[in-house]
Number of protein chains: 2
Amino acid sequence: MKRTVLIFASLIVALLCLFQLSKYSYSSGDTSIEIIIAVIAIVFFFIGVYINQRSSKKRITRDNEEVDQGKIEELGLSKREYEVLVQVSKGLSNKEIANTLFVSESTIKTHVSNLLIKLDAKRRTQAIRRAKILRILPE
Amino acid sequence: MKRTVLIFASLIVALLCLFQLSKYSYSSGDTSIEIIIAVIAIVFFFIGVYINQRSSKKRITRDNEEVDQGKIEELGLSKREYEVLVQVSKGLSNKEIANTLFVSESTIKTHVSNLLIKLDAKRRTQAIRRAKILRILPE
DNA sequence: TCTCTTTTGGTACTTTAGTATGAACAAATT
DNA sequence: AATTTGTTCATACTAAAGTACCAAAAGAGA
């Protein structure tokens, strides 16, 4: 938001500068009005392109990286369960997850079972699917 | 590409129209040159925004939906193997895949085993992971 | 025609995954 | 203090998943 204000402020300043430039050129008479208008058109065209590129980049980043924390709570997933879900989505086995989280495989099995119920999935692959659709997983 | 040419052509036409308008306004003297320039600036600014929005939308769609056919060949995945991979990524079991593709479960197991080797994965969940990273799967 | 790849399918086996159930313990809530 | 919730772990079991090997049939290409 602050950036948008700054950009618009500098746009107005640029516009005023162009006014002065056009007046000067007109009075001196060595530059035709058509060229001035063309330059202004081109400059503002590219300003529009540039500003839009910045905002669209932000949009892409937001959509792809942000995780919907609300839906995690909505599903009733606990912190640990979500951690396990992330590891599952990385393609790790229960034993591997147990090692990375420093708990036993039994614990992971319990978490996965609860995960499947809460995500309404029969298999871990289905859980991954649903989690990605619900925008619960990163990337 | 064709659209880009069309857009630029209409841009030039618009520019010429504005030239004529500015000449008329100047000779009649009832509109100041500043206002004309301001209008042109604003119009071309929004033209820039509009064009960039169109192209950025295309970019988003391309990045998310297009599948890298080259990498599939590179990995040596056959048509059927790729079909199975897609079903696996949807969270289906071997039996379910067998039913949707009208073959036996043994066949699916063979395909999956070959898939895992070609994708350098130990589990189907890992295969899904790698496939998504390689941009082989849709969405 | 012969060869190679793909697709299909089987058997037998091992390994993961997932279910059911019970239980201990800590932390937060009522 | 009593209850609920989350995390931990175990046992015993069933169900998938995956491996290893083999083999037949179809299609494409040399």
Side-chain angles (χ1 to χ4, degrees), chain A residues 67-134 136-137, chain B residues 67-134 136-137:
Chain A
V67 170
D68 194 337
Q69 200 70 31
K71 272 185 191 141
I72 295 174
E73 289 176 34
E74 204 179 293
L75 292 164
L77 291 180
S78 70
K79 278 182 198 170
R80 206 55 163 170
E81 283 166 353
Y82 180 71
E83 278 185 286
V84 172
L85 174 61
V86 171
Q87 300 299 315
V88 166
S89 78
K90 285 183 181 174
L92 301 186
S93 69
N94 289 336
K95 198 170 281 180
E96 287 170 339
I97 298 171
N99 289 332
T100 60
L101 297 183
F102 305 107
V103 289
S104 80
E105 200 189 335
S106 304
T107 307
I108 302 302
K109 282 191 177 185
T110 308
H111 287 320
V112 171
S113 279
N114 292 329
L115 266 175
L116 296 180
I117 293 167
K118 290 175 181 176
L119 282 169
D120 191 30
K122 288 177 186 171
R123 285 162 288 282
R124 51 170 59 205
T125 51
Q126 213 172 57
I128 294 170
R129 235 290 143 137
R130 286 197 37 75
K132 293 219 170 176
I133 290 169
L134 294 169
I136 277 177
L137 292 172
Chain B
V67 170
D68 193 338
Q69 200 71 31
K71 271 183 192 143
I72 296 174
E73 288 176 34
E74 205 178 294
L75 292 164
L77 290 181
S78 70
K79 277 183 199 172
R80 205 56 163 169
E81 282 166 353
Y82 179 71
E83 278 185 285
V84 173
L85 173 61
V86 171
Q87 300 299 317
V88 166
S89 78
K90 285 182 181 173
L92 301 186
S93 69
N94 289 336
K95 198 170 281 180
E96 286 170 340
I97 298 171
N99 289 332
T100 59
L101 297 184
F102 305 106
V103 290
S104 78
E105 199 187 336
S106 304
T107 307
I108 302 301
K109 282 191 178 185
T110 308
H111 287 320
V112 172
S113 279
N114 292 330
L115 266 175
L116 296 181
I117 294 166
K118 290 175 182 177
L119 282 169
D120 191 32
K122 287 177 186 171
R123 284 163 289 282
R124 49 171 59 205
T125 51
Q126 213 173 55
I128 294 170
R129 238 278 150 138
R130 285 199 37 75
K132 293 219 168 176
I133 289 169
L134 294 169
I136 278 177
L137 292 173

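Note on naming: letters A, B, ... go to the chains in the order of the sequence lines (proteins, then strands), and numbering restarts at 1 for each one. Predicted model, so just to flag it, every value in this text is computed and none were measured.
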Trainee: Considering only side-chain heavy atoms of Ser78(A), which listed nucleotide, dT7(D), dA10(D), dA17(D), is closest?
Mentor: dT7(D)

Trainee: Do Glu96(A) and Thr100(A) have side-chain heavy atoms sitting under 4.5 Å apart?
Mentor: no

Trainee: I want to verify a distance call: between dA17(C), dA17(D), dA10(D), whose nearest atom is closest to the Asn94(B) side chain?
Mentor: dA17(D)

Trainee: Which nucleotide, dC9(D), dT19(C), dG18(D), lies nearest any side-chain atom of Ser113(B)?
Mentor: dG18(D)

Trainee: Which of the following nucleotides, dA10(D), dT16(C), dG10(C), is nearest to the side chain of Arg123(B)?
Mentor: dT16(C)

Trainee: Calculate the interatomic distance between Lys79(A) atom NZ and dT7(D) atom C1'; express it in whole Å.
Mentor: 12 Å

Trainee: What's the closest nucleotide to the side chain of Thr110(B) if the choices are dA17(D), dT8(C), dT7(D)?
Mentor: dT8(C)

Trainee: Mind checking whether Leu134(B) and Leu119(B) have side chains closer than 4.5 Å, heavy atoms only?
Mentor: yes

Trainee: Can you tell me which nucleotide in dC9(D), dG18(D), dG9(C) comes closest to the side chain of Thr107(B)?
Mentor: dG9(C)

Trainee: Using whole Å, what does the distance between atom P of nucleotide dT19(C) and atom CG of Asn114(A) come to?
Mentor: 10 Å

Trainee: Contact class for Ser104(A) vs. all strands (heavy atom < 4.0 Å): base, sugar-phosphate, or nothing?
Mentor: sugar-phosphate

Trainee: Taking the side chain as every heavy atom from C-beta outward, state whether Arg124(B) and Leu115(B) have any atom pair closer than 4.5 Å.
Mentor: no

Trainee: Could you tell me how far apart Ile128(B) (CD1) and dG18(D) (C1') are, to the nearest whole angstrom?
Mentor: 15 Å

Trainee: Between C1' on dT7(C) and CZ on Phe102(B), what's the gap in Å once rounded to a whole number?
Mentor: 17 Å

Trainee: Select one nucleotide: of dT8(C), dC9(D), dA17(C), the one nearest the side-chain heavy atoms of Val103(A).
Mentor: dC9(D)

Trainee: Phosphate oxygens OP1/OP2 of dT7(D): is one of them under 4.0 Å from a side-chain N or O of His111(A)?
Mentor: no

Trainee: For the residue pair Lys71(A) and Ile136(A), what are the closest heavy atoms and their distance?
Mentor: CB-CG1, 4.4 Å

Trainee: Take atom CZ of Arg124(A) and atom C1' of dG18(D), then tell me their distance rounded to the nearest Å.
Mentor: 14 Å

Trainee: In terms of side-chain heavy atoms of Leu116(B), which of dT19(D), dG9(C), dC9(D) is nearest?
Mentor: dT19(D)

Trainee: Start at the 5' end of DNA chain C and walk down; is the nucleotide closest to Thr125(B) or to Ser106(B) reached first?
Mentor: Ser106(B)

Trainee: Of all the nucleotides listed (dT16(C), dT8(D), dG10(C)), which has the minimum atom distance to the side chain of Lys95(A)?
Mentor: dT16(C)

Trainee: Hey, are the side chains of Ile97(A) and His111(A) touching, using non-hydrogen atoms and a 4.5 Å cut-off?
Mentor: no

Trainee: Return yes if some donor-acceptor pair links the side-chain N/O of Lys118(B) with the main-chain N/O of Leu77(B) below 3.5 Å, else return no.
Mentor: no

Trainee: Without decimals, in angstroms, what is the distance between Ile72(B) CD1 and dT6(C) P?
Mentor: 14 Å

Trainee: Starting at NZ of Lys109(B) and ending at P of dC13(C), how long is that distance when rounded to a whole Å?
Mentor: 14 Å

Trainee: With respect to the side chain of Arg80(A), which nucleotide from dG10(C), dT7(D), dG18(D) is positioned closest?
Mentor: dT7(D)

Trainee: Distance check needed: dA16(D) C1' versus Ile108(B) CD1, whole Å only.
Mentor: 14 Å

